[in-house]
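Below is one structure, written out as structure tokens; comments come after it.
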Amino acid sequence: MAKALDTKDAREAKPPRGSADSSNNSGDSIAAMLDANGVLTAEAERAANISDEELRTLYRLMVVSRRLDQEGLNLQRQGELGLWGPYAGHEAAQVGAAMAMAPTDWIFPYYRDFAMAVCRGIDPGAIMTIFRGLTHGAWNPNEYRFAPFIIPVGTQVPHAVGFALGCKLDHDDTAVLVGFGEGATSTGDWHEAMNFAAVFNVPLVFLCENNQWAISVPMRQQVSGRIADRAAGYGFPGVRVDGTDVLTVYAVVRAAADRARRGEGPYLVEALTYRTQAHTTSDDPTRYRTEADVEPWKSKDPIRRCAERLQARNAFDDAFAQAVSEEAEQRALAMRQHLLSAQTPHPASAFDLVFANPPESLLREKAEFIEALEPERGE
Amino acid sequence: MAKTMETTTGATNVSTVTMGKALNLALHDALQNDSRVLIFGEDVGKLGGVFRVTDGLQDEFGAERVFDTPLAEATIAATALGLAMKGFRPVAEMQFDAFSYPSFQQVTSNIAKYHTRTGGACNMQLVIRIPYGGNIGAIEQHSESPETYYIHTAGLKVVTPSTPADAYALLTAAIADPDPVIFLEPKSRYWMRQEIALPMPPAALDKARIAREGSDATVIAYGPTVQTALAAAEQAAAEGTSLEVIDLRSLSPLDMETISASVRKTRRAVVVHEAPVFMGLGAEIAARVMHDLFDVLAAPVERIGNATIPYPPARVEKLFLPDADRILEAVDRTREY
């Protein structure tokens, strides 16, 4: 089982009385699923009845996601991507949460939620075209029930509130998940969204992927107290969970989504993890942290922890590990091939997406643009 | 407008209404005709809005379709985005012009770009209503003209009515349009009365109208300044000068055909708005007219608007607002050039 979270930040952030990991919700049955370290208790694990096959699926998706992340870094280093934002360390939070939602549920991601997109079946090579500078939108949200990545930090959170309000008005038994980092919890939009969600009692699960770094600013300079505790101030429950344990995230988010679908309102899950890589390939973490800061988190690697859980269930062997590894290699190769074969769109296509019902003036502007462009292009 | 009319659907309903009431009727009819239309904002429910534009709508359509929100404009706009994704037709109200600024990031970075960002998959069929403009003796932040901020953002349509009839027809069109529309309501004209006949077809969202025909100079106005321009034209006529008045109705896109056709005829143009002259819509119009009609113009395009100052205190605001005299002086400058 997992050890206590052991970084300085995590120690500082511990609640005064230490044990219960709920945020002021004595009657919260989800908080009761967790031990003092925010890990699913053995009893809660039995009650959650998560099959070996489910856990193996989570493991597989995490390994694939890790490999795709590495390939993203490779592609950026090779000059094929303008930018890459690594998510290593987030696999348990992203895969656990995304897979906990029903296929009919909706997910509103933040820009680092690549593994969530993979879980939703979006082609990774297509997603990568965003970071290659080919497009601003690589998938149809309605097809995957997966909203676009949003770059301005925290602004996607109230979008999810609006959508969840629509689900409630439509009585259509849909829950919504919204992802964000701990830095987003400093924005006004996040606080407004928390308040609206509570006031309108919408079916929404807030997932904070607290990786303890907002580029160079550490958690202790971002948040005083614990993010999970903030939910209580808005009138709904929240828990901090061990965000490196996929089983815990999966069980807790699933319970929170079920609760939301029952009409019991929003729920905040703070998944504590660590950003082991740079913020993006444009970042240089050596300017603000040391290897010694990162080291303790390497023992909490989400993939290794999931493998340990599977081993404890006698559901992990070399053949399985090998098959997963091969799948990850194949998918990384396919992603690379898809990306490198993606065509640069005709520049004038930028005019086509501005409006559903474009005014004549824009169509004329497009025609003028093409006219100015074509001689140079030799067309 | 005719007192009685027959349409294929039966007798029309003719009445004299204020602009506020015309907007209220447009919202009412939208709620009635489309079950996906929702109205929300601060105080729009029981109170009926601080200008009573949503008066009675919650009573008639219920608190699930017409509802108050917490006091947070960014999330009012963001909620509209989320609801539009879910297939609703949200009509959100910002209580006053300057109070729309907290929502600016949501409007410019998300709502305006969402159609592009989703490869055209997600329409942002939503309307954000904003009362704007001064001349109501109000305290700070209640009299601003923020149109340039919105016009300058690609992906938004920005319209403003100047009459009760247009208020109804433009708002109806804005709600039916698949794209996000910033709907600017000239608050000093909320009480302007006009006879309107319903049902009324929706107006085009990208067409100006000739509010008065003339031949000596073109006065280009929108929203609150159209009536001012018409008053100036009336005065000018008494002095033997014939002014054409254009009511832009749509600020983005801009109906340059109507503007150009008029200025080609009159060879003189004056643009009038309450917003500061500096980088106001008049700057774009002047540049376009200069470019397109350089050989036709008899004089440089004149612009009338506010000084480059924060909106002034109410007791002195009239000195900064466009009035008939300032318009006529500008017309004189174009004629004496």
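For the numbers below, each heavy atom of this structure counts, side chains included, while hydrogens, waters and symmetry mates do not. Note on naming: letters A, B, ... go to the chains in the order of the sequence lines (proteins, then strands), and numbering restarts at 1 for each one.
Taking CG from A:N142 and NZ from B:K86, the interatomic distance works out to 10.5 Å, rounded to the nearest 0.5 Å. Taking CD from B:Q106 and NE2 from A:H159, the interatomic distance works out to 3.5 Å, rounded to the nearest 0.5 Å. Summarising the geometry, atom CE belonging to B:M256 is positioned 14.5 Å from atom CD belonging to A:E360; distances are rounded to the nearest 0.5 Å.
The most heavy-atom pairs under 4.5 Å with chain B, out of A:P152, A:P141, A:G188, A:A160, come from A:P141. Per-residue heavy-atom pair counts under 4.5 Å with chain B were compared for A:F196, A:W106, A:F108, A:F149, and the maximum is reached by A:F196. Counting heavy-atom pairs under 4.5 Å between each of A:D170, A:N140, A:V157 and chain B puts A:D170 at the top. Between chain B and the residues A:C167, A:A138, A:A193, the most heavy-atom pairs under 4.5 angstrom are made by A:C167. Per-residue heavy-atom pair counts under 4.5 Å with chain A were compared for B:K113, B:Q105, B:M124, and the maximum is reached by B:Q105. Heavy-atom pairs under 4.5 Å with chain A peak, among B:D206, B:N110, B:L156, at B:N110. Of all the listed residues (B:L83, B:I76, B:L205, B:L38), the one sharing the greatest number of non-hydrogen pairs under 4.5 Å with chain A is B:L83.
Here the side chain of B:D179 pairs no donor or acceptor atom with the backbone of A:F355 at under 3.5 angstrom. Checking side-chain atoms of B:T75 against main-chain N and O of A:P158 turns up no donor-acceptor pair under 3.5 Å. B:H115 contributes a side-chain N or O that, together with a main-chain N or O of A:L353, makes up a donor-acceptor pair within less than 3.5 Å.
Heavy atoms of other residues, nucleotides or ligands lying less than 6.0 angstrom from OH of A:Y144 number more than 12. No more than 12 heavy-atom neighbours from other residues, nucleotides or ligands sit within 6.0 angstrom of NE2 on A:H136.
Residue A:S361 touches chain B through its side chain alone, counting heavy-atom pairs closer than 4.5 Å. If you measure heavy-atom distances from B:T116 to chain A, the contacts under 4.5 Å come from both the backbone and the side chain. There is no contact between B:Q125 and chain A, counting heavy-atom distances below 4.5 Å. In this structure, chain B has no heavy atom under 4.5 Å from any part of A:R145. Using a 4.5 Å cut-off between heavy atoms, B:T69 contacts chain A through both its backbone and its side chain.
Closest approach of B:F67 to A:L165, counting heavy atoms only: CZ-CD2, 3.8 Å. Of all heavy-atom pairs spanning B:A74 and A:D189, the tightest one is CB-OD1, 3.5 Å. B:T118 approaches A:P148 most closely through the heavy-atom pair CG2-CG, 3.8 Å. Annotation for A:A147 and B:Y114: closest pair CB-OH, 3.8 Å, computed over non-hydrogen atoms. Shown here for A:V354 and B:A154, the closest heavy-atom pair between the two residues is CG1-C, 4.4 Å.
Comment: B:E64 does not engage A:K168 in a salt bridge, judged by the lack of any side-chain N to carboxylate O separation of less than 4.0 angstrom.
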